[in-house]
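Some notes on the structure that comes next.
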Amino acid sequence: MHEKLLKPYNPNETEQRIYKKWEDSGYFNPDICVAKGITKADAPHFSIVLPPPNVTGRLHLGHALEHSLQDAVVRFERMRGRRTVWIPGTDHAAIATQSRFEKELQKETGKSRHDFPRDEFFNMINEFGLKNQKDMLSQMRLLGSSLDWSREAFTLDEKRSLAVKTAFKKMYEEGLIYRGHRIVNWDPKGQTTIADDEIVYQEEKTTWYTFKYGPFEIGTTRPETKFGDKYVVMHPDDPRYSKYKDGDTFELEWVNGKTKATVVKDSVIDITTGTGVMTITPWHSVVDFEIAEHHKLEKEQIIDAIGKMMPNTGEFAGLKIADARKQIVEKLRAKGLVVKEEPYTHNIATAERTGGIIEPQIKLQWFINVNKPIPSKGGKTLKELMRGPIASRQIEILPNHFEKIYFNWIDNLRDWCISRQIVYGHQIPVWYHEPKCTPRQGREEDVIKCEQVVVATEKPKCEFCDAGYVQDPDTLDTWFSSGLWTFSTLGWPDQTTDFKTYHPTSLMNPGYEILFFWVARMVMMSEYLLGDIPFKTVYLHGIVRDSKGQKFSKSAKNGIEPEEVIKQLGTDALRMSMIVGIGPGNDLNFDIQKVKAYSKFANKLWNITRFVLSNLEDFDVSKKYELTAADALLMDENHDVVKKITTDMEGYKFYLAAENLYHYVWHTFADKIIEEAKPRLGQPTGNKDKESIQFTLLTILKTNLRLLHPFMPFITEELWGIINGSDDVKLIVEPWPSSQ
RNA sequence: GAGUCCAUAGCUCAGGGGUAGAGCAUUCGCUUCACACGCGAAGGGUCGAUGGUUCAAAUCCAUCUGGGCUCACCA
């Protein structure tokens, strides 16, 4: 009897020791597996790139869920002989990291970004990110993840930066990236543009004002924007206003005196809302902007970048929005132009990261055109490139119904604003000639050839003068670099062996909440840049909530640290609790009771092994034994389990495989097979019936340790070593039981 | 408002045209020499409502009710 088995199982000591051995063995790296003859060089590949966690803090239970799933499939594929790689990495997460850092900086020193030069500030944020990164990488080891550390990547490291610049340049040159004045979501608090999907809507109780506007009555919740409104818009089919024609003008008394207004007819107007008439403020409303663009109307800025009234608002200049609103209503009331004031509830847009109220603004920004036919793609648009491989099932999304949600999103997609006015991130690789080109002697003729704007991966030099180029100060939306993740991690734009061997990747395992942010963009980038899919299967996981179904949040103080759980009950138990019973796309209500149940299972497994080994002391493992008919039947049943588990694993039904294994090991193997074996084991040494059951027990135990390894890697590896009397880690590369 | 998913035991959820399943929880009995982190047993559901298809519906279809999620928008 092995001395370790005399003591209860100690997950903490075991897990740390085993992980170190795995890492030292090199088995996480497929090249080493091939070199050692464990994996055939020409074996089919299986590759996953880890969804890179943001370097904003530490790993939480959601990451534990992600790692449990991915490590299970990676270990399964490695054991069944695939050339398997799982690439680790982290995401610089631009706005998220910068705003987290700024908050801490403000709290600790009272300083803001304006107190530092750009480079210095960038470095400060980067240091903060890298410190978090270090913690996160060691947490990943704690989770037992068999990641190939030799291939670790960061979305902001040198190789990934080259990928970003290369991608940008290609898209720019093909006219897919453009700079333009467009209405954007401006966050006055964060002083940056944010993407549509970074907006959070919040309910607000406000007042619905009805004003007299010439012969019309208009409704609004935002009187302060109504200043320069000189277009009044109504539906062309609205019978109430049929006597007014498109283009009619009229004089009226308005906020700052007499003004002239023009009638515009547009069918986007909802006849049933308010009076069916509205005035438009194109500079500060997406809908209004689109109407103005459509009818080629003038646009005027009313509110500045920090949320105050512009000089052209006369006496209201410099007022904050809320104050201006009150005073303007006062003034209109005095003029007798206020018809009605009613309470009204609506949703206002706020910035997810800073909480600032979004003020739409027209800004010069960089965009990706999703509707432009691309010559090199047979005239397809980026939208179509995103849609194609999902529609054709070249990429399968699990659960399938998310495909419909994905299509619905794509159909409503607008051009993607990719510039951000923050320092942390990939600076846009566009260079402006500054100041104007003053050519050197004798080159005067050439100046017309001088490029004023250059898109390049390196800082360009002007051929004709001594002036330099200045880089665009904006940085890219973090999802731009994330979109390249499946191949930037494999060495692209270089045509590396890794890239050729492992792309397209086999599986992607993100949370469903980033299906659009990320999955869609990976499909877009990969289809556009490589003409290939980024992955074959997307297995979406849900959100981890607390046991009552509440989201984890700082304010609710219901956060649970994965490390605490691991310390208390072990990684294997945590991993099982994250897998059993959780189908793809399902949220998980985390309950420590469930983890406890699987820690008991670990103990059960430990004791099963102890029992079996203690009954094998007079048994020669090297000999071949003849099985009784009953035992042959037990072996067949176990083989059925192998078949079922294998099928479930292949179909990404980990939640069923793990549960079935648990059930078989405990309630069939332990409760029935072992219990019924007891009298037979009491027979004398060498008895044929005893030998048959000894052989059967050992074989079933070893088979099930292999089956359980993907889910509970530590304890199974430890027991495998004990059974085989070896201190080496071997189970991780042991062949998966044959299901033939 | 549009899209989408869900409604099954106290809780969390699998399953899915032919006598209702798991885990946890509950109750009772057991210190039986692998394991009390255990063993044995028990209770508990007309599978959201109504209608339809069918020999047969929890399962398929329709409608409804309630809830979740995503997107859009409220001028």
Integer-rounded Å distance: [N] [atom2] and [X] [atom1]:
{"X": "A/K596", "N": "B/G38", "atom1": "NZ", "atom2": "P", "value": "11 Å"}
{"X": "A/I674", "N": "B/G40", "atom1": "CD1", "atom2": "C1'", "value": "17 Å"}
{"X": "A/M576", "N": "B/A22", "atom1": "CE", "atom2": "P", "value": "17 Å"}

Look at all strands and tell whether [X] reaches a base, only sugar-phosphate, or nothing, counting heavy atoms closer than 4.0 Å.
{"X": "A/S285", "answer": "nothing"}
{"X": "A/L656", "answer": "sugar-phosphate"}
{"X": "A/I608", "answer": "base"}
{"X": "A/A602", "answer": "nothing"}
{"X": "A/K404", "answer": "sugar-phosphate"}
{"X": "A/T281", "answer": "nothing"}
{"X": "A/E675", "answer": "base"}
{"X": "A/K226", "answer": "sugar-phosphate"}
{"X": "A/D671", "answer": "sugar-phosphate"}
{"X": "A/H667", "answer": "sugar-phosphate"}

Next on the checklist: With a 4.0 Å limit, can you tell me whether A/W666 has a side-chain N or O closer than that to the phosphate oxygens OP1/OP2 of B/A34?
Outcome noted: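 Answer is no, no contact under 4.0 Å.
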Quick one: do [X] and [Y] make a salt bridge, cutoff under 4.0 Å?
{"X": "A/K299", "Y": "A/D288", "result": "no"}
{"X": "A/K678", "Y": "A/E675", "result": "yes"}
{"X": "A/R325", "Y": "A/E224", "result": "yes"}

Checklist entry - With distance as the sole criterion, is a donor-acceptor pair present between the side chains of A/T259 and A/K230 under 3.5 Å? => result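 Checked: A/T259/A/K230 side chains show no N/O donor-acceptor pair below 3.5 Å.
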Item to check | Counterpart base for B/U26, defined by Watson-Crick or G-U wobble contacts under 3.5 Å | outcome: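 Paired with B/U26, as far as the under-3.5 Å criterion goes, is B/A42.
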The side chain of [X] lies closest to which of these nucleotides: [options]?
{"X": "A/K604", "options": "B/C71, B/A22, B/A34", "value": "B/A34"}
{"X": "A/N589", "options": "B/C13, B/G38, B/A34", "value": "B/C13"}
{"X": "A/Y662", "options": "B/G38, B/C73, B/G23", "value": "B/G23"}
{"X": "A/Q593", "options": "B/G38, B/G3, B/C24", "value": "B/C24"}
{"X": "A/N586", "options": "B/C37, B/C13, B/G3", "value": "B/C13"}
{"X": "A/R414", "options": "B/C24, B/C71, B/A72", "value": "B/A72"}

Next on the checklist: Taking side chain to side chain donor-acceptor pair (under 3.5 Å) as the criterion, tell me which of A/N615, A/D689, A/D618 meets it with A/Q694.
Outcome noted: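 Among A/N615, A/D689, A/D618, the one that satisfies the side chain to side chain donor-acceptor pair (under 3.5 Å) with A/Q694 is A/D618.
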Next on the checklist: If you take the centroid of each ring, where Trp contributes its six-membered ring, are A/F654 and A/Y539 closer together than 6.0 Å?
Outcome noted: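 Between A/F654 and A/Y539, which both carry aromatic rings, the centre distance is below 6.0 Å.
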Checklist entry - Can you find a donor-acceptor pair, distance only, under 3.5 Å between A/K594 side chain and B/C24 base? => result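 It does not, because no donor-acceptor pair links the side chain of A/K594 to the base of B/C24 below 3.5 Å.
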Item to check | Under 3.5 Å donor-acceptor pair, A/K653 side-chain atoms to B/A14 base atoms | outcome: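 A donor-acceptor contact between them is absent.
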Next on the checklist: Roughly how many Å apart are B/G23 and B/G43, using the P atom of each and rounding to a whole number?
Outcome noted: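 B/G43 and B/G23 have their P atoms separated by 16 Å.
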